[in-house]
Amino acid sequence: MSDTLSLVLGVLAAAAAGLWAWRRWHYRSYWLVVAFPLAAISVWATWRKVALGCGLTKKRQCFWFTTVPGMVASTGVVRVRRRFQRVAVDTRPFMWLPKPTRHGWRVTVHTLEGQIPADYANAAERLAHSWGVHAVRVSSPRPGRVVLAATVRDPLVRVDTVPASPELLKVIVGRLETGGPWVIDFRTVPHWLNAGATQSGKSNLANVLVQGLAPQPVALVGFDLKGGVELTPYGPRLSALATTRAESVTLLDDLVSLMTSRMAVCREAGARNIWQLPDEQRPTPVVVLVDELAELYLMADKSEKDEVARTSTALLRVAQLGRAFGIYLFCSGQRIGSDLGPGVTALRAQCSGRICHRVNDPETATMTLGDLDPAALASARAIPAETPGVAIVASQDGQWYRARSFYVSEQDAEHAATAYAELAPSWEDLVSGNAAPMSDADLADFLDSIPNPRKA
């Protein structure tokens, strides 16, 4: 008897060790073969209780054949045995079978009468705790359907190395909580607002962006009112850099002049934007990097009022009209509040791309994300200080995600800026219109230089 027990215990110990090693060294196959089937059975079997506890059920009247009063005690008071009665029953939404994803699972639910996706979004945290997962996100592909996407564990604990930029004006800067790439695509979302406190990952995101844009045939322009300490190391790749308010006014005037000249070229060619121009006329795209946005709007006394007004007006004009003429904005700041004036509020309305790292005051998070989704605002305030690089991102698909940027050191970003310094066009040539146009050959050379991951 003891030998049999020892054998059984040995087999169980070996099986447990094997499962642990399988989970440790190849989690993806372990998840698909072992963990997900068990999770799917548990989710589908407990859906009635979970939906009832989360307030997602509806009372419906139905006939119930009563034989034992205790069997229907929860649906009403039974007074007569062995008789059909009309009772109120809690009906759960219909749920399809869960499907596995890279970091969890997703399942489609049919909403009940009177329900909207917001009802499920409000219950997302309760659903996550009920199923014992990291988070549950809610989306609605079409009316009457809700998709619940569960993340078993946080995929942002560790991110991969930086991949190459796949297309012009597109940079993969990190990973989303879904496991997919976090992409900043200026041609799809032309202007971005990036908020974050010190040591939140805001500057690291700028490093990733500079490293990704450096090998591309684009012009980079910088505004750094911290005396240039943030963007000066990238000077070899920048076509222009302003480090004071006076320099910012001059540089913004040049940008407005550049935009006006491109506007005239497009009008003469009958094109709505520079991408419809012939190959020999298409100008070089310009990406404007603004660090410490608040410094452009702060006034020490009334003598700076006119200068701030000129700066605010010019930057807003670039944001309103620059997309069609190949001028894109990426504005960063530690604090973005309405007390900086109406210029900041107007600029914010033009920046459809929103990124909010950990911030020190709720107003900055509200200014960055408040008009998108209250749940996004709550998630932004919950970012812990020990996770630099984690941010709430308003994506180009109209939804928001938790994301984390790849780590790129200042030395790596400076190396990229120096290595591709010859790609920086002269600012005087750009403003005067003497710069060489960006041809299809330039685009082809850039795309050919991207390593193919399948051949690596």
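Worth knowing before you read on, the calculation uses all heavy atoms, side chains too, and leaves out hydrogens, waters and symmetry mates.
Minimum interatomic distance between Tyr401 and Glu177 (heavy atoms only, all atoms of both residues): CA-OE2, 4.0 Å. Here the closest non-hydrogen pair linking Val107 and Trp105 is CG1-CZ3, 3.8 Å. The shortest non-hydrogen separation linking Cys331 to Leu293 is CB-CD2, 4.2 Å. Heavy atoms only, all atoms of each residue included: Ala319 and Leu329 are closest at CB-CD1, 3.7 Å. Of all heavy-atom pairs spanning Thr364 and Ala195, the tightest one is CG2-CB, 3.8 Å. Scanning both residues, Ala380 and Leu369, for their nearest heavy atoms gives CB-CD1, 3.8 Å.
Using a 4.5 Å heavy-atom threshold, the side chains of Val147 and Thr108 count as touching. The shortest side-chain heavy-atom distance between Trp192 and Leu205 does not fall under the 4.5 Å cut-off. Two residues are said to be in side-chain contact when any heavy atoms from C-beta on lie closer than 4.5 Å; Arg237 and Leu423 meet this criterion. Lys99 places none of its side-chain heavy atoms less than 4.5 Å from the side chain of Leu97. Taking 4.5 Å as the limit, some side-chain heavy atom of Thr111 sits within range of a side-chain heavy atom of Tyr120. The shortest side-chain heavy-atom distance between Arg358 and Val390 does not fall under the 4.5 Å cut-off. Between Gln211 and Val208 the shortest side-chain heavy-atom distance does not fall below 4.5 Å. For the pair Phe186 and Pro285, the minimum side-chain heavy-atom distance is 4.5 Å or more.
Within the model, atoms CZ of Arg323 and OG1 of Thr188 stand 10.5 Å from one another, a figure rounded to the nearest 0.5 Å. Here the CG atom belonging to Leu238 is positioned 7.0 Å from the CG atom belonging to Leu289, to the nearest 0.5 angstrom. For the atom pair CH2 (Trp182) and CZ (Arg402), the distance works out to 11.5 Å, reported to the nearest 0.5 Å. Distance check, rounded to the nearest 0.5 Å: CD1 of Ile184 to CG of Asn194 gives 7.5 Å. Atom CZ of residue Arg262 and atom OG1 of residue Thr284 lie 6.5 Å apart, to the nearest 0.5 angstrom. Taken from CG in Asp185 to OH in Tyr328, the straight-line distance is 9.0 Å, to the nearest 0.5 Å.
Enclosure of atom OH in Tyr420 is not indicated, since only 12 or fewer non-hydrogen atoms of other residues, nucleotides or ligands lie within 6.0 angstrom. The 12-atom threshold is exceeded at CD of Gln320, counting heavy atoms of other residues, nucleotides or ligands nearer than 6.0 Å. The environment of CZ in Arg137 is crowded: more than 12 heavy-atom neighbours from other residues, nucleotides or ligands sit within 6.0 Å. Atom CZ of Arg335 sits in a crowded spot, with more than 12 heavy atoms from other residues, nucleotides or ligands closer than 6.0 Å. Around CD of Glu125, the count of heavy atoms belonging to other residues, nucleotides or ligands within 6.0 Å does not exceed 12. More than 12 heavy atoms of other shown residues, nucleotides or ligands fall within 6.0 angstrom of atom CZ in Arg145. The 12-atom threshold is exceeded at NZ of Lys226, counting heavy atoms of other residues, nucleotides or ligands nearer than 6.0 Å. The environment of His110 atom NE2 is dense: over 12 non-hydrogen atoms of other residues, nucleotides or ligands sit within 6.0 angstrom.
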_The test is side chain to side chain contact (heavy atoms under 4.5 Å, CB included); show your working for Val171 and Gln216 and say whether it passes._
CA-CA 10 Å; Val171 180; Gln216 301 189 23; 4.0 Å; yes

*Under the side chain to side chain contact (heavy atoms under 4.5 Å, CB included) criterion, do Val183 and Ile172 qualify, and how do the steps go?*
CA-CA 4 Å; Val183 179; Ile172 301 177; 4.0 Å; yes

*Show your working on side chain to side chain contact (heavy atoms under 4.5 Å, CB included) between Tyr297 and Leu347 and close with a plain yes or no.*
CA-CA 12 Å; Tyr297 296 90; Leu347 178 66; 3.7 Å; yes

*asked:* Show, in sequence, the C-alpha distance, side-chain angles and deciding distance for Val133 and Thr151, and conclude whether the side chain to side chain contact (heavy atoms under 4.5 Å, CB included) test is met.
replied: CA-CA 6 Å; Val133 297; Thr151 305; over 6 Å; no

*Any chance you could lay out the salt bridge (charged side-chain N to carboxylate O under 4.0 Å, His left out) test for Asp90 and Lys58, step after step, and finish with the verdict?*
CA-CA 5 Å; Asp90 289 300; Lys58 292 287 184 179; over 6 Å; no

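Between the side chain of Asp119 and the backbone N or O of Asn122 there is no donor-acceptor pair closer than 3.5 Å. Gln115 places a side-chain N or O within 3.5 Å of a backbone atom of Leu56 that can act as its donor or acceptor partner. Listed for the Thr46 side chain is no donor-acceptor partner under 3.5 Å among the backbone atoms of Lys49. In this structure a side-chain-to-backbone donor-acceptor pair under 3.5 Å is present from Arg354 to Thr368. For Asn204 (side chain) and Val408 (main-chain N/O), a donor-acceptor pair under 3.5 Å exists by modelled atom type. Between the side chain of Arg92 and the backbone N or O of Ala51, no donor-acceptor pair lies under 3.5 Å.
A cation-pi arrangement is absent between Arg106 and Trp96, since the terminal nitrogen or guanidinium carbon is not both under 6.0 Å from the aromatic centre and inside a 45° cone about the axis.
The side-chain contact (heavy atoms from CB on, under 4.5 Å) test with Leu231 is passed by exactly one of Leu241, Leu220, Val210: Leu241.
Looking at Tyr407 and Asn207, their side chains never bring a donor and an acceptor atom within 3.5 Å of each other.
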